[in-house]
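Convention: sequence-line order gives letters A, B, ...; per-chain numbering from 1.
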2 protein chains.
Amino acid sequence: MSESVLRNLRPDVNAAQCPSRLILEHVTSRWGVLVLAALLDGSYRFSELRRMIGGVSEKMLAQTLQTLERDGFVHRDAKPVIPPRVDYSLTEFGREVAQQVWELARWTERSIDRVEAARTAYDEARS
Amino acid sequence: MSESVLRNLRPDVNAAQCPSRLILEHVTSRWGVLVLAALLDGSYRFSELRRMIGGVSEKMLAQTLQTLERDGFVHRDAKPVIPPRVDYSLTEFGREVAQQVWELARWTERSIDRVEAARTAYDEARS
DNA sequence: CAGTATCCGTGGTGATACTG
DNA sequence: CAGTATCACCACGGATACTG
């Protein structure tokens with residue numbers, strides 16, 4: 001690991017000096033992971049995403065989508081029809097992160113048992 | 001993407017039913033990423049980590065290390081000497097996540113320019 | 001339908017002080 | 001040195017109501 005990268009990830013410095021940390025927070029955020037994962041499947045409407053993910057408030061879904069769109073990961077296609085129809089999809093760029101995040105998510109999935117065993121051992125060691 | 005995994009990642013259900021989401025939050029947490037990254041280099045003492053990472057409060061470093069230790073990612077070696085000496089390192093298991101997280105961090109590093117360009121475009125489009 | 005606006009509670013976070 | 005304990009803050013997230 002290079003020193004410089006760790007330094008660049010340091011959250012103590014302000015946002016302008018720590019851009020990668022911010023991006024990381026966006027894509028690994030509570031709902032960011034789920035939105036990216038969902039969009040790996042294809043294009044979805046706002047309400048579809050809301051149903052797919054489940055548990056997201058409208059506010060947080062909108063906020064998450066906006067952040068990801070602004071970072072260039074998500075493409076927003078608003079059709080000028082009534083009632084409004086908006087489709088979200090991954091940009092090519094976004095697909096790269098989504099896959100990475102997805103790999104990480106799958107790794108954790110596979111590791112649940114090992115982690116839980118570790119936790120049990122840890123907890124028992126101090127009781 | 002399988003539906004089941006997305007469901008398993010859903011944060012609306014409680015912790016017991018959504019274990020992978022919790023693990024993900026631990027390793028991608030604000031300081032978790034940095035601790036894992038730092039430990040990819042080798043073994044370090046508490047104060048060394050504190051200096052390396054920079055900006056962490058003692059409390060948060062301790063808390064992060066404990067969480068990662070409990071999950072089985074970090075090994076804590078407390079030597080019974082005075083003054084106390086504690087060394088932290090990655091477990092083999094922890095090295096796996098650390099590398100994944102590290103890859104993601106490096107990806108964001110490489111993508112800073114693209115993201116910032118996207119942001120500029122986004123911001124200009126609505127002003 | 002696809003959001004925005006607003007209010008409000010909670011817990012994550014940090015500063016400080018203290019201990020073995 | 002390597003933490004723990006305590007307190008205080010405020011930003012994040014959720015619920016609700018409203019709009020184009």
Tabulate protein N/O versus nucleotide N/O from nucleotides 9-13 of chain D, keeping only pairs under 3.5 Å, one per line.
residue, atom, partner, partner atom, Å
dG13(D), O3', Arg30(A), NH1, 3.2
dG13(D), N7, Lys59(A), NZ, 3.2

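Two residues are said to be in side-chain contact when any heavy atoms from C-beta on lie closer than 4.5 Å; Pro19(A) and Glu116(B) meet this criterion.
Both the sub-6.0 Å distance and the 45° axial angle are not jointly satisfied by Arg95(B) relative to the ring of Phe93(B). In this structure, Arg126(A) satisfies the cation-pi test against Tyr122(A), with its NZ or CZ atom closer than 6.0 Å to the six-membered ring centre and inside 45 degrees of the ring normal.
The pair Glu96(A)-Arg114(B) counts as a salt bridge, with a side-chain nitrogen and a carboxylate oxygen less than 4.0 angstrom apart. Classification of Arg70(B) and Asp123(A) as a salt-bridged pair holds, one side-chain N sitting under 4.0 Å from a carboxylate O. Arg106(B) and Glu103(B) are joined by a salt bridge, as a carboxylate oxygen and a charged side-chain nitrogen come within less than 4.0 angstrom of each other.
Using a 4.0 Å heavy-atom criterion, one finds that Arg76(A) contacts the sugar-phosphate atoms exclusively. Within 4.0 Å (heavy atoms only), Gln66(A) reaches sugar-phosphate atoms of the nucleic acid but no base atom.
Closest approach of Trp31(A) to Gly54(A), counting heavy atoms only: CZ3-O, 4.2 Å. Minimum heavy-atom separation, Ala98(A) to Leu90(A): CB-CD1, 3.7 Å.
Read 5' to 3', the first and last nucleotides of DNA chain C with an atom closer than 4.0 Å to a heavy atom of chain B are dT13(C) to dG20(C).
Counting only distance, with no hydrogens or angles, the side chain of Glu48(A) and the backbone of Arg45(A) share a donor-acceptor pair below 3.5 Å.
Consecutive pairing runs in DNA chain D reach the stem threshold at C:1-20 with D:1-20, where a stem means at least three Watson-Crick or G-U wobble pairs with distances under 3.5 Å.
Taking CG from Leu104(B) and CD from Gln99(A), the interatomic distance works out to 12.5 Å, rounded to the nearest 0.5 Å.
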